[in-house]
Amino acid sequence: MAALSKSIPHNCYEIGHTWHPSCRVSFLQITWGALEESLKIYAPLYLIAAVLRKRKLEYYLYKLFPEILQSASFLTANGALYITFFCVLRKLLGKFYSWTPGFGAALPASYVAILIERKSRRGLLTIYMANLVLLFCITAAMYMFFFRCKDGLKGFTFSALRFIVGKEEIPTHSYSPETAYAKVEQKRERHKGKPRGMNIIALVRTLVDSICKHGPRHRCCKHYEDNCISYCIKGFIRMFSVGYLIQCCLRVPSAFRHLFTEPSRLLSLFYNKENFQLGAFLGSFVSIYKGTSCFLRWIRNLDDELHAIVAGFLAGVSMMFYKSTTISMYLASKLVETMYFKGIAAGKVPYFPQADTIIYSISTAICFHAAVMEVHNLRPSYWKFLLRLTKGRFALMNRKALDVFGTGASREFHNFIPRLDPRYTVVTPELPIDFS
């Protein structure tokens with residue numbers, strides 16, 4: 001661990017914004033780059049969320065863009081305020097200590113930035129855990145249990161899970177089995193007189209129906225239109241298609257940037273490995289969850305909320321197809337938040353004002369400190385995210401000068417030394433090594 005009392009006399013240009021000597025210009029460059037990337041991140045996410053929530057036209061006209069802009073401003077502020085406090089602390093203290101380039105600058109920046117974000121989106125954040133798939137399995141098990149419980153989940157989380165796994169897995173319904181059967185019969189009657197177009201969807205549906213036509217269905221299962229086998233297969237096909245289309249939509253902006261220069265890259269929009277990975281993840285999650293739920297209903301001869309824990313845990317194995325730290329950590333943090341507020345409502349957990357804000361600030365400050373002083377201890381996915389947010393400028397810090405603090409700051413940068421203008425430096429700059 002670096003000694004807290006150690007210091008170096010370098011100014012903020014020599015350590016931080018090595019690409020430009022001006023603090024003001026560097027701030028504007030970071031802000032503009034972060035805003036551009038933030039909009040690319042949040043615009044498709046909010047649009048997909050709006051579609052899943054079945055928002056009305058008024059939302060798209062009056063609320064969608066302000067919400068995107070607010071979240072993009074929050075993420076932009078994280079980067080812009082970091083470089084601001086980085087320079088401010090150097091000017092106030094007159095030198096750099098081991099804690100100032102990372103934790104010291106990131107903590108106030110993160111705290112101010114999270115206040116910009118909507119309260120409903122300030123989840124309790126955690127740092128990183130060891131086993132990604134196991135974490136997702138446990139998280140999925142608890143989510144599905146709360147989903148099956150009465151008043152267990154509300155709002156967007158409940159709506160999203162109902163869309164993913166289907167309303168058939170909710171234990172209480174407003175209609176009886178007889179009513180459900182009547183609706184199925186009405187649906188069949190409506191489609192009898194209509195000519196069926198031989199498109200891909202119709203062919204797949206015909207194939208699935210033919211395979212699973214005479215399969216069994218337990219009396220406790222509420223998927224009245226299908227038997228248990230068909231129920232699982234259709235669930236996989238439906239969510240595989242959703243995952244594939246989501247990933248395609250996320251790749252549209254980058255693909256169209258190369259529309260005229262590299263037209264062949266448009267093919268990657270449809271034939272990209274990540275498209276199929278997300279589809280396999282969502283499809284297998286749903287099919288494993290539904291299949292396990294049906295299996296447990298068969299062997300126990302009842303429908304129990306506890307089945308959701310087993311089914312959710314096994315469905316979590318689907319993360320093997322799409323290993324995403326972002327998804328696992330976000331869902332885990334939201335689960336902690338859900339359980340925390342349930343504990344408050346039950347009177348078993350004390351309420352701490354601004355707990356989410358404080359935890360977010362400390363967690364982010366620790367990650368930023370690692371990104372400056374110990375990149376080798378940071379998850380690669382988070383490092384790539386920081387590089388994307390800053391247009392690669394985070395890698396241009398003079399970590400060679402930070403090695404004096406004993407954290408091995410320059411270990412992953414192969415002795416990179418920035419080209420500095422001696423007119424704006426305090427310490428005579430070391431000349432970069434030319435390997436050509």
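As the structure is a computational prediction, the values presented were derived from the model and not from experiment.
Within the cation-pi definition used here (under 6.0 Å to the ring centroid, within 45° of the axis), R238 qualifies as a partner of F163. Geometrically, K342 engages F146 in a cation-pi contact defined by less than 6.0 Å to the ring centre and at most 45° from the axis.
Side-chain contact check for M319 versus F281: some heavy-atom pair is nearer than 4.5 Å. Put simply, the side chain of C12 reaches to within 4.5 Å of the side chain of K91, judged on heavy atoms. Side chains of Y289 and M144 form a contact here, defined as non-hydrogen atoms less than 4.5 Å apart. For the pair R90/T100, no side-chain contact is recorded, criterion being any heavy-atom separation below 4.5 Å from C-beta on. Counting heavy atoms from C-beta on, the side chains of F147 and V165 come closer than 4.5 Å. Looking at heavy atoms from C-beta onward, I362 lies in side-chain contact with I358 at the 4.5 angstrom threshold. Side-chain contact between I138 and Y143 is absent, with no heavy atoms from C-beta onward closer than 4.5 Å. Side-chain contact between C221 and Y231 is absent, with no heavy-atom pair separated by less than 4.5 Å.
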Task: Pair N78-S110, side-chain contact (heavy atoms from CB on, under 4.5 Å): steps then yes or no - done: CA-CA 6 Å; N78 255 316; S110 303; 3.6 Å; yes

Open item on the list: Under the criterion side-chain contact (heavy atoms from CB on, under 4.5 Å), I'd like the reasoning laid out for F86 against I15: C-alpha separation, chi angles, the key distance, then a yes or no.
Closed with: CA-CA 10 Å; F86 184 93; I15 299 296; 3.8 Å; yes

Task: Step-by-step side-chain contact (heavy atoms from CB on, under 4.5 Å) determination, R388 to K40 - done: CA-CA 11 Å; R388 178 184 175 185; K40 289 179 183 178; 4.0 Å; yes

- [ ] Start with the C-alpha gap between Y60 and L47, add the side-chain angles, then the distance that decides, and say whether side-chain contact (heavy atoms from CB on, under 4.5 Å) holds.
- [x] CA-CA 9 Å; Y60 292 94; L47 188 59; 4.0 Å; yes

Open item on the list: Working note: Y46 + S71, criterion side chain to side chain donor-acceptor pair (under 3.5 Å); need CA distance, chi angles, decisive distance, verdict.
Closed with: CA-CA 10 Å; Y46 272 84; S71 291; 2.4 Å; yes

TODO: Could you go through the ring-ring contact (aromatic ring centres under 6.0 Å, His included) check for F240 and F321 one step at a time?
DONE: CA-CA 12 Å; F240 179 89; F321 292 108; 9.8 Å; no

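By the 6.0 Å contact criterion, CH2 on W298 is enclosed, its count of non-hydrogen atoms from other residues, nucleotides or ligands being greater than 12. Under a cut-off of 6.0 angstrom, the local environment of CZ in F276 is crowded, with over 12 non-hydrogen atoms contributed by other residues, nucleotides or ligands.
With rounding to the nearest 0.5 angstrom, the CD1 atom of I233 is 9.5 Å from the OG atom of S287. Separating the CD1 atom in I83 from the OG1 atom in T390 is a distance of 9.5 Å, to the nearest 0.5 Å. To the nearest 0.5 Å, the span separating CG on L107 from NE2 on H369 amounts to 12.0 Å. In this structure, the separation between OH on Y382 and CG on L389 is 9.0 Å, given to the nearest 0.5 Å. The CD1 atom of I68 sits 9.0 Å away from the CG atom of L45 when rounded to the nearest 0.5 Å. Going from atom CZ of R411 over to atom CE of M373 covers 12.5 Å, rounded to the nearest 0.5 Å.
Put simply, the side chain of S38 never gets that close to the backbone of L75: no donor and acceptor are under 3.5 Å apart. A donor-acceptor pair under 3.5 Å is formed between the side chain of N398 and the backbone N or O of E14.
A donor-acceptor pair shorter than 3.5 Å can be found between the side chains of H307 and R300. Judged by distance alone, the side chains of E67 and Y59 do bring a donor and an acceptor atom under 3.5 Å apart.
In plain terms, the two heavy atoms of G104 and P108 that are nearest each other are O-CD, 3.0 Å. Taking every heavy atom of both residues into account, A315 and S318 meet most closely at O-OG, 2.6 Å. For the pair F96 and P101, the tightest heavy-atom approach, listed with the atom from each and the gap, is CD2-CG, 4.0 Å. Contact between Y322 and L278 at its shortest, heavy atoms only, is CD1-N, 3.6 Å. Contact detail for I309 and A141: the closest heavy-atom pair is O-CB, 3.3 Å. The minimum heavy-atom distance between P350 and I344, with the atom names listed, is O-CG1, 4.2 Å.
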Extract all donor-acceptor atom pairs below 3.5 Å that involve side chains of residues 20-29 and protein atoms in other chains or at least two apart in sequence.
from: H20; atom 1: ND1; to: S22; atom 2: N; distance (Å): 3.1
from: S22; atom 1: OG; to: R24; atom 2: N; distance (Å): 3.3
from: S22; atom 1: OG; to: V25; atom 2: N; distance (Å): 3.2
from: S26; atom 1: OG; to: H17; atom 2: ND1; distance (Å): 3.3
from: S26; atom 1: OG; to: H20; atom 2: O; distance (Å): 3.4
from: S26; atom 1: OG; to: S22; atom 2: O; distance (Å): 2.8
from: Q29; atom 1: OE1; to: W19; atom 2: NE1; distance (Å): 2.6

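Annotation: F385 is not in aromatic contact with F394 [ring centroid separation under 6.0 Å not met]. Aromatic ring centres of F368 and Y82: separated by under 6.0 Å.
One finds a salt bridge joining E36 and K391 here, because a Lys/Arg side-chain nitrogen approaches an Asp/Glu carboxylate oxygen to under 4.0 Å. By the 4.0 Å N-to-carboxylate-O rule, R148 lies too far from D304 to be salt-bridged with it.
For the side-chain contact (heavy atoms from CB on, under 4.5 Å) test, residues two or more places apart in sequence or in another chain that qualify with C232 are K290. Scanning for side-chain contact (heavy atoms from CB on, under 4.5 Å) contacts around N377 gives E374, with sequence neighbours left out.
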